[in-house]
**Student:** 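Attaching a single structure in structure tokens format; questions to follow.
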Amino acid sequence: MNVILFTLSTMSCAVYHPQLVDIPLINKKGAGRINAGISPLGFHGTVSVGITRKIAIQTFGSVGGDHKYYVQEGIGYYKDLGNKKVMELYSGFGYGYGDAYNDANPGDLFGHYQVYFTQFNFGKVDCDFAHGDFGVALKTGLLHSKLTDRNYYARNGPPFESTGIYT
């Protein structure tokens with residue numbers, strides 16, 4: 001059983017990769033953050049807003065080569081701990097599509113996946129050094145995927161579909 005779970009989780013890693021979502025450190029109602037990045041592999045963006053005195057929302061999206069994409073929405077609780085320190089706890093849902101191609105032995109692994117996550121953020125805003133914000137995050141979740149294997153792992157056989165749930 002362990003070998004099967006390891007194999008299935010390895011299959012999902014070829015299509016899915018962890019997303020680097022902004023740590024917004026929202027500390028009051030109306031506070032907002034916009035984060036965006038671009039690289040040769042694609043681009044991503046995050047928008048986060050404090051909608052009440054304790055609740056914030058966060059939307060993230062990324063697009064990459066080979067028609068890969070991922071979007072997620074999270075709702076969170078935030079607390080200003082004083083002395084410019086902030087704690088946040090977000091929970092939400094993500095949806096994406098991934099495609100992995102094996103050049104050495106031509107094959108393709110592709111499909112859709114969903115991620116259910118919880119993320120804890122802690123940090124300090126408006127620090128003395130460059131008025132920057134510094135934060136750390138811990139994210140955990142559940143990944144559900146439906147992938148089609150066209151000779152990526154299964155050689156010389158018909159397309160093989162697998163569905164799995166991974167933590």
Side-chain angles (χ1 to χ4, degrees), residues 2 5-6 8-100 109-147 163-167:
N2 290 338
L5 290 176
F6 176 76
L8 292 175
S9 66
T10 303
M11 286 172 40
S12 70
C13 292
V15 174
Y16 171 79
H17 62 88
Q19 305 293 327
L20 299 175
V21 178
D22 182 40
I23 302 171
L25 301 176
I26 301 294
N27 60 356
K28 61 185 174 187
K29 180 180 178 181
R33 305 280 177 149
I34 298 175
N35 176 314
I38 190 166
S39 77
L41 301 176
F43 65 90
H44 69 273
T46 309
V47 176
S48 307
V49 178
I51 58 173
T52 72
R53 291 184 348 201
K54 298 291 179 192
I55 304 294
I57 58 171
Q58 183 179 62
T59 301
F60 171 82
S62 69
V63 176
D66 298 329
H67 308 290
K68 295 179 183 176
Y69 63 86
Y70 178 76
V71 293
Q72 87 175 27
E73 182 69 33
I75 187 163
Y77 168 81
Y78 68 89
K79 182 169 177 81
D80 185 340
L81 302 173
N83 199 24
K84 301 181 183 179
K85 293 179 182 167
V86 178
M87 178 207 64
E88 299 173 310
L89 183 63
Y90 286 90
S91 188
F93 171 78
Y95 181 82
Y97 174 83
D99 191 339
L109 181 66
F110 59 93
H112 295 275
Y113 56 89
Q114 299 87 37
V115 178
Y116 307 91
F117 70 91
T118 298
Q119 179 172 328
F120 174 78
N121 301 334
F122 177 79
K124 190 169 183 179
V125 297
D126 196 25
C127 295
D128 293 333
F129 178 72
H131 296 285
D133 298 348
F134 297 94
V136 295
L138 179 63
K139 184 175 185 179
T140 187
L142 185 68
L143 173 68
H144 175 263
S145 64
K146 183 170 184 180
L147 306 177
T163 299
I165 297 177
Y166 317 98
T167 57

**Student:** Given side chain to side chain contact (heavy atoms under 4.5 Å, CB included), test L25 with F122 step by step and report yes or no.
**Tutor:** CA-CA 7 Å; L25 301 176; F122 177 79; over 6 Å; no
**Student:** Passes side chain to side chain contact (heavy atoms under 4.5 Å, CB included), Q19 versus S62? Steps please.
**Tutor:** CA-CA 8 Å; Q19 305 293 327; S62 69; 3.3 Å; yes
**Student:** Taking atom NZ as the centre, does K79 end up with more than 12 heavy-atom neighbours from other residues, nucleotides or ligands that are less than 6.0 angstrom away?
**Tutor:** no
**Student:** Determine the sole option in I57, I26, V21, I75 for which the side-chain contact (heavy atoms from CB on, under 4.5 Å) test with Y90 is passed.
**Tutor:** I26
**Student:** Would you call D80 and K85 a salt bridge, taking side-chain N to carboxylate O under 4.0 Å as the test?
**Tutor:** no
**Student:** Can you confirm if the NZ or CZ of K139 lies within 45° of the ring axis of F117 and under 6.0 Å from the centre of its six-membered ring?
**Tutor:** yes
**Student:** Under a 3.5 Å cutoff, is there a donor and acceptor pairing between the side chains of H67 and Y97?
**Tutor:** no
**Student:** In Å and rounded to the nearest 0.5 Å, what is the CG to OH distance from L89 to Y77?
**Tutor:** 9.5 Å
**Student:** Check the orientation of Y16 and Y113. Use parallel for under 30°, tilted for 30 to 60°, and perpendicular for over 60°.
**Tutor:** perpendicular
**Student:** Taking atom types as modelled, is there a side-chain donor on T46 or Q58 under 3.5 Å from an acceptor on the other?
**Tutor:** no
**Student:** Hey, is CG on D126 packed in by over 12 heavy atoms from elsewhere, all under 6.0 Å?
**Tutor:** yes
**Student:** Run the side chain to side chain donor-acceptor pair (under 3.5 Å) test against N27 and tell me which residues pass, sequence neighbours left out.
**Tutor:** none
**Student:** Around atom CD1 of I55, are there more than 12 heavy atoms of other residues, nucleotides or ligands at under 6.0 Å?
**Tutor:** yes
**Student:** Please give me the minimum heavy-atom distance between K28 and Y78, naming the atom from each residue.
**Tutor:** C-OH, 3.1 Å
**Student:** Is a side-chain donor or acceptor of K68 paired with a backbone partner of D99 at a separation under 3.5 angstrom?
**Tutor:** yes
